[in-house]
Amino acid sequence: MARILIVEDDSDISSLLRRGLAAEGYETACEAAPEAALARLAAEPFDAAIVDMMLGSESGADLLHEMRLRGHRLPAIVLSALSRVEDRTEGLDAGANDYVVKPFELSELIARLRVQLRRAEPPQNLRFGPLLYDRTARVVSGHGQRMVLTEREGELLEYLIAHAGQVVTRGAIFDALWAPHGGSAENVVDVYIGYLRRKLAPFAGSGIALRTLRGRGFLLTRGESE
């Protein structure tokens, strides 16, 4: 279970974040001031932080800068009512991994958090049946076959492997992989499902199947393809 530090001086927003993240299976701790947040980080392990840009008279950007100076490398997402390019630049330059403007949709924030947590994971190989996916090289291999994936194809394969045997909807895939980056529509999922299916075609003899279930979503299985 990932542990998330919330640094937010607005009690309503802090409560919203705590309840929303708990519903998604995350453990949270909340602080309202930079010094308290730094003390908590020094005393307890966290996997990510969500930091308000304006903490009363203090600055979330200053907190992020100090976090990085003290060696805290966990992913950090800034929340801010400030939307100018200059404000975004300040937050990112201070050490934020992402910048979310208030008011925000909780589902989008959680999707962005998932992306940052996934990026922070150490590269490792994934195995699905007879297939081996090298996450660093983005190479799928097995049964004498070898196929190189693009970065987004690799992320899609990782998501499907994580949900193997489950029907995943187009919307769920979009929220996890595309919504955090903006500028795309949900039909981009179908496009990349097609790309990935073609990349996996040489492995059909191993029983791996990426199926489309009309009106429901997609299913990665070790059974026979339709």
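Values reported hereafter were calculated over all heavy atoms of this structure, with side chains retained and with hydrogens, waters and symmetry mates removed. Just so you know, residue 1 is the first one in the sequence shown, and it goes up from there.
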Closest approach of [X] to [Y] (non-hydrogen atoms, all atoms of both residues):
{"X": "Leu117", "Y": "Ala48", "answer": "CD2-CB, 3.9 Å"}
{"X": "Met1", "Y": "Gly25", "answer": "CG-O, 3.0 Å"}
{"X": "Asn97", "Y": "Pro75", "answer": "OD1-CA, 3.2 Å"}
{"X": "Gly20", "Y": "Ile110", "answer": "O-CD1, 3.9 Å"}
{"X": "Ala49", "Y": "Leu74", "answer": "N-CD1, 3.8 Å"}

Note to self: Pairing donors with acceptors under 3.5 angstrom, does anything connect the side chains of Thr89 and Arg84?
What the structure shows: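 Absent: no donor and acceptor within the cut-off.
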Item checked: Derivation of the side-chain contact (heavy atoms from CB on, under 4.5 Å) call for Val189 and Leu177 -> CA-CA 9 Å; Val189 175; Leu177 301 184; over 6 Å; no
Applying a strict under-4.5 Å side-chain criterion to I, L, V, M, F, W and Y, I'd like to know whether [X] and [Y] cluster together.
{"X": "Leu106", "Y": "Ile4", "result": "yes"}
{"X": "Val168", "Y": "Ile208", "result": "yes"}
{"X": "Met53", "Y": "Ile77", "result": "no"}
{"X": "Ile50", "Y": "Leu41", "result": "no"}
{"X": "Ile13", "Y": "Leu82", "result": "no"}

For the pair [X] and [Y], find out whether any cationic side-chain nitrogen is under 4.0 Å from an anionic carboxylate oxygen.
{"X": "Lys102", "Y": "Asp52", "answer": "yes"}
{"X": "Glu151", "Y": "Arg138", "answer": "no"}
{"X": "Glu24", "Y": "Arg114", "answer": "yes"}
{"X": "Arg3", "Y": "Glu44", "answer": "yes"}

Any side-chain heavy atom of [X] sitting closer than 4.5 Å to one from [Y]?
{"X": "His143", "Y": "Phe203", "result": "no"}
{"X": "Ile161", "Y": "Leu220", "result": "yes"}
{"X": "Leu113", "Y": "Leu21", "result": "yes"}

Margin query: Could you go through His65 and Asp62, starting from their C-alpha distance and side-chain angles, then the distance that decides it, and tell me whether this counts as side-chain contact (heavy atoms from CB on, under 4.5 Å)?
Written below: CA-CA 5 Å; His65 182 69; Asp62 289 344; 5.5 Å; no
Does any N or O in the side chain of [X] come within less than 3.5 Å of the main-chain N or O of [Y], such that one atom is a donor and the other an acceptor?
{"X": "Arg88", "Y": "Leu92", "answer": "no"}
{"X": "Arg73", "Y": "Arg68", "answer": "yes"}
{"X": "Glu105", "Y": "Ser107", "answer": "no"}
{"X": "Asp9", "Y": "Ala32", "answer": "no"}
{"X": "Glu153", "Y": "Thr150", "answer": "yes"}

Check: Which class fits the ring pair Tyr192 and Tyr195: parallel under 30°, tilted 30 to 60°, perpendicular over 60°?
Finding: perpendicular
From [X] atom [atom1] to [Y] atom [atom2], the distance as rounded to the nearest 0.5 Å:
{"X": "His163", "Y": "Phe218", "atom1": "NE2", "atom2": "CZ", "result": "14.0 Å"}
{"X": "Lys199", "Y": "Leu156", "atom1": "NZ", "atom2": "CG", "result": "11.5 Å"}
{"X": "Trp178", "Y": "Asn187", "atom1": "CH2", "atom2": "CG", "result": "10.5 Å"}
{"X": "Arg211", "Y": "Arg216", "atom1": "CZ", "atom2": "CZ", "result": "9.0 Å"}
{"X": "Phe104", "Y": "Leu109", "atom1": "CZ", "atom2": "CG", "result": "5.5 Å"}
{"X": "Asn125", "Y": "Asp134", "atom1": "CG", "atom2": "CG", "result": "4.5 Å"}

Notebook entry, point to check: Does the pair Arg18 and Cys30 meet the rule for a side-chain contact (heavy atoms from CB on, under 4.5 Å), with working shown?
Noted result: CA-CA 8 Å; Arg18 187 174 64 251; Cys30 300; 3.9 Å; yes
Note to self: Consider side chain to side chain contact (heavy atoms under 4.5 Å, CB included). Of Leu79, Leu38, Leu64, Val51, which one does Val7 pass it with?
What the structure shows: Val51
Check: Can you list the steps and then say if Glu31 with Leu5 is a side-chain contact (heavy atoms from CB on, under 4.5 Å)?
Finding: CA-CA 8 Å; Glu31 297 293 350; Leu5 177 62; 4.2 Å; yes
Notebook entry, point to check: Phe128 ring centre to Arg222 NZ or CZ under 6.0 Å, with the angle to the axis within 45°?
Noted result: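 Yes, Arg222 lies over the aromatic ring of Phe128.
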